[in-house]
Amino acid sequence: MTSDTPAKRRLRVFSRGRKAPSRARRRFGAAVRMLAALALAGGIYTAFAPGAFAEDNRQLSAAALEGKQLFDNSCISCHGRDAQGVDDKGPSLIGVGAASVEFQVGTGRMPMVRQEAQAEQKKPQFDETQTKQLAQYIQELGGGPQIPQGELVENLESNPEALARGGELFRVNCTSCHGFGGGGGALSSGKFAPALHDATPEQIYAAMLTGPQNMPVFGDNQLTPDEKREIITYITLQLQQDRDPGGLFNLGRYGPSTEGVAVFLVGITLLVFTALWIAGKS
């Protein structure tokens, strides 16, 4: 049996210390490797992920530059620099698209006079050219839905069934809020669905794309572009030209129910007086 001298014990301790790193060193090495992996992942994401915010050095078109000037003079106090939004004042406009701007600004709902349950339609503060410039600026900042180019009302000579299909789609998707005659209606919490009598085809298409206020968004998966055009055709050619869907008389433009009640009451009254007249003559 060999003796375990102090020198040999010190040699074994020294050898173990060189071979096995201490617990602190292992933890430090793991932390360094984790930080390196996170930095690598963040770099890859920054390089390849789509931008979620406006870029300061973005090259804008001439129309967008004009829109930016209008935005900085009239909209920046609520929607913030580069349309990033301001807490408790206005939401971010990145990603809302030109369609939303053309609807909100073109109908006078924006700029709002004060915070209310719903932005009401009023006389626009910007003309059509200025509205399109603002819309182009927001579109180039963050993209989003756009109103398609071309005619939005179907030609009934080439598509004679568009009016009938548009009426069916309108009754299924729109009448619960806007009424059968497009006269609008009350909603909860002081909100309401506006009347459609003065809405332009562009405004109707933009509203379906963007879903302003309480209105749901009708994307192309819910209503195809052709179906949107058929609804617009029905609204513009049927409801906006005083062709009341309920009958001959405009009784609130709520459809056949009010006219049916009116005809019944008038008819019963006439029958009662006719019966009394006949009885008095006999």
Side-chain angles (χ1 to χ4, degrees), residues 91 95-110 117-121 135 143-247 250-261:
V96 303
S100 179
V101 178
E102 291 193 42
F103 176 83
Q104 298 288 355
V105 177
T107 60
R109 289 175 167 85
M110 292 292 164
Q118 180 166 324
E120 295 193 26
Q121 183 174 357
Q146 292 180 278
I147 301 174
Q149 300 294 324
E151 186 62 47
L152 298 179
V153 179
E154 294 284 355
N155 187 344
L156 296 184
E157 293 184 359
S158 59
N159 189 6
E161 298 180 356
L163 191 63
R165 286 198 298 264
E168 181 179 356
L169 291 168
F170 180 86
R171 288 186 289 273
V172 171
N173 296 282
C174 312
T175 54
S176 59
C177 295
H178 293 284
F180 282 91
L187 302 174
S188 61
S189 303
K191 299 179 181 181
F192 59 91
L196 303 176
H197 303 153
D198 299 325
T200 65
E202 290 77 16
Q203 291 169 359
I204 299 172
Y205 202 107
M208 287 190 283
L209 277 181
T210 61
Q213 309 294 344
N214 276 5
M215 183 172 174
V217 175
F218 291 98
D220 291 345
N221 292 329
Q222 288 77 33
L223 291 173
T224 66
D226 289 339
E227 289 175 333
K228 291 184 178 71
R229 290 186 176 90
E230 289 170 351
I231 291 177
I232 293 173
T233 301
Y234 175 76
I235 294 173
T236 55
L237 299 184
Q238 182 74 33
L239 301 183
Q240 293 183 351
Q241 295 186 9
D242 294 328
R243 299 178 183 177
D244 294 289
N250 182 359
L251 301 178
R253 303 193 75 172
Y254 291 114
S257 299
T258 53
E259 298 192 5
V261 172

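Worth knowing before you read on, the calculation uses all heavy atoms, side chains too, and leaves out hydrogens, waters and symmetry mates.
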Quiz item: Within a strict 4.5 Å, meaning less than it, do heavy atoms of the Gln203 and Asp198 side chains meet?
Solution: no

Quiz prompt | Heavy-atom closest contact (Phe170 atom, Phe180 atom, distance) | solution = CE2-O, 3.8 Å

Quiz item: Is the count of non-hydrogen atoms from other residues, nucleotides or ligands lying under 6.0 Å from Asn155 atom CG greater than 12?
Solution: yes

Quiz prompt | 4.5 Å side-chain heavy-atom contact, Pro212 and Gln104 | solution = yes

Quiz item: For Leu163 and Gln238, which heavy atoms make the closest approach, and how far apart are they?
Solution: CD2-OE1, 4.1 Å

Practice problem: Could you pull out the closest heavy-atom pair between Gln240 and Ile204, with the gap in Å? | Solution: NE2-CD1, 4.5 Å

Self-check item: 4.5 Å side-chain heavy-atom contact, Tyr205 and Glu102
Solution: no

Self-check item: By ring-ring contact (aromatic ring centres under 6.0 Å, His included) - contacts of Phe103 (at least two apart)
Solution: none

Exercise. May I ask you to test the Pro194-Arg109 pair for a side-chain heavy-atom distance under 4.5 Å?
Key: yes

Quiz item: Are the side chain of Thr233 and the backbone N or O of Ala162 linked by a donor-acceptor pair below 3.5 Å?
Solution: no

Quiz item: Quick one: does His178's side chain have a donor or acceptor within less than 3.5 Å of a partner on Ala195's backbone?
Solution: no

Quiz item: When rounded to the nearest 0.5 angstrom, what distance separates OG1 in Thr200 from CD1 in Ile232?
Solution: 8.5 Å

Quiz item: What are the two closest non-hydrogen atoms of Ala99 and Ile147, and how far apart are they?
Solution: CB-CG1, 4.0 Å

Quiz item: Is Val217 close to Gln222 at the side-chain level, that is, under 4.5 Å between some pair of heavy atoms?
Solution: no

Quiz item: Does CD belonging to Glu168 count more than 12 external heavy atoms closer than 6.0 Å?
Solution: no

Self-check item: Pairwise side-chain contact, Glu230 with Asn159, heavy-atom cut-off 4.5 Å (strictly under)
Solution: yes

Quiz item: Closest approach of Val96 and Ser100, non-hydrogen atoms and distance?
Solution: O-CB, 3.6 Å

Self-check item: Nearest atoms (heavy-atom pairs only) where Phe218 meets Leu223
Solution: CD2-CD1, 3.6 Å

Quiz item: When rounded to the nearest 0.5 angstrom, what is the spacing between OG1 in Thr236 and CZ in Arg229?
Solution: 13.0 Å

Quiz item: Gln118 side chain to Phe192 main-chain N or O, any donor-acceptor pair under 3.5 Å?
Solution: yes

